[in-house]
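What follows is a single structure, written as structure tokens, with notes after it.
Chain letters run A, B, ... following the sequence lines, proteins first and then strands; every chain starts at 1. Values below: all heavy atoms of this structure, side chains included; hydrogens, waters and symmetry mates excluded.
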Number of protein chains: 2
Amino acid sequence: MDNKKVAVIFKAFCDENRLHILGLLRNGERCACNILEEMQITQPTLSHHMKILCDAGIVIGRKEGKWMHYSISNEGLKEAMVCLEHFRNDSECESGKSCCKK
Amino acid sequence: MDNKKVAVIFKAFCDENRLHILGLLRNGERCACNILEEMQITQPTLSHHMKILCDAGIVIGRKEGKWMHYSISNEGLKEAMVCLEHFRNDSECESGKSCCKK
DNA sequence: AAAACACATTGACAAACTTCTATATGACGC
DNA sequence: GCGTCATATAGAAGTTTGTCAATGTGTTTT
């Protein structure tokens, strides 16, 4: 996966308000109005954050009449974890052998 | 762990250049000059990104004479993964029972 | 059809971030 | 000590992000 896409995914976790929202969704689906009640932001700001979370694939939105219900995407989380896993250094090398013409 | 700290951790993965750096470190330790050679940025910019990566705990710096050697912190990565894990929704509820006075 | 409601979009502004040039720090070799 | 090399820091410019008030869109209710 290319870095641009990875950056978009992890932007989901870079803002305190978004982390708060994710914490709220941890126990299951919630509608936007319900999330809004527990936060100190305006409705357009919430809408902005939900878009970022959905674009990152971390949250899924489901429309039901005039309500939007949001929930964590476990697949999205898994994908993010795979990205992290990808950076693990398995060479587990003893330090001190890296580079530079000494 | 509080959200402010989590946000700092994940900022490490929000920039394409930093992701590129992490990709380079994937195969083991490298010194700064070595990383710089493979990137299209100036030395101060690299220094800036390395600081963000180190502050996030994702990269470890080791000074040896006038050289700085950087490597992935597997512990840091693990911590990040634990944060993601924390958001997983294990209620795995059937959708449609969430909220809102219908 | 009109009013009310839930949410999204637009546009403006401030704060934060990325990048650069210039300069400082600290280590090495002469 | 002096010049050189590797890296860090400071300060400035441009870009992106977070936030809000105002407005638009689509749905339900009366």
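- Residue B:His49 is in sugar-phosphate contact alone, with no base atom involved, counting any heavy-atom pair closer than 4.0 Å across all strands shown.
- Across the protein-nucleic acid pair, B:Phe10 atom CZ and C:dA16 atom P stand 21 Å apart, rounded to whole Å.
- For A:Met68, the side-chain atoms get nearest to C:dC7 when compared with the rest of C:dC7, D:dA8, C:dT9.
- At the heavy-atom level, B:Ile52 lies under 4.0 Å from the strands shown only through sugar-phosphate atoms.
- Rounded to an integer number of Å, the gap from CD of A:Gln40 to C1' of D:dC20 is 15 Å.
- Using a 4.0 Å cut-off between charged side-chain N and carboxylate O, A:Glu37 and A:Arg30 make no salt bridge.
- Residues A:Cys31 and A:Met68 have side chains not in contact (no heavy-atom distance under 4.5 Å, counting atoms from C-beta outward).
- As rounded to whole Å, 17 Å separates atom P of D:dG18 from atom NE2 of A:His20.
- To the nearest 0.5 angstrom, A:Tyr70 atom OH is 10.0 Å from A:Lys63 atom NZ.
- Proximity note for B:Tyr70 (side chain, C-beta onward) versus C:dA8, D:dT19, D:dA8: the nearest is D:dA8.
- What separates NE2 of A:His48 from C1' of D:dT17 is a distance of 6 Å, to the nearest Å.
- The side chain of A:Thr45 contributes an N or O atom lying less than 4.0 Å from OP1 or OP2 of D:dC20.
- Within 3.5 Å, no donor on the side chain of B:Gln43 pairs with an acceptor on the base of D:dA6, nor the reverse.
- A sub-4.0 Å separation between OP1 or OP2 of C:dC17 and a side-chain N or O of B:Lys11 is present.
- Closest to the side chain of A:Thr42, out of D:dA21, D:dT9, C:dT18, is D:dA21.
- Protein atom CD of B:Glu64 is 20 Å distant from nucleotide atom P of D:dC5, rounded to whole Å.
- Taking the six-membered ring where the residue is Trp, B:Phe10 and A:Phe13 present tilted rings, their angle falling between 30° and 60°.
- When distances run from any side-chain atom of A:Trp67 to the nucleotides C:dT18, C:dA6, D:dT19, the shortest one goes to C:dA6.
- Protein atom CG of B:Asp15 is 16 Å distant from nucleotide atom P of D:dT15, rounded to whole Å.
- For the pair A:Asn17 and D:dT19, the criterion of a side-chain N or O lying under 4.0 Å from OP1 or OP2 is met.
- Spacing between atom CG of A:Leu36 and atom P of D:dC20 amounts to 10 Å, rounded to whole angstrom units.
- Distance, B:Ile35 CD1 to D:dA6 C1': 13 Å, rounded to whole Å.
- In this structure, B:Arg88 pairs ionically with B:Glu85, as a charged nitrogen and a carboxylate oxygen lie closer than 4.0 Å.
- Between A:Arg18 and A:Lys63, the residue whose closest nucleotide on DNA chain D is further toward the 5' end is A:Arg18.
- In terms of position along DNA chain D, the nucleotide closest to A:Cys14 lies nearer the 5' end than the nucleotide closest to the other residue of the pair A:Lys66 and A:Cys14.
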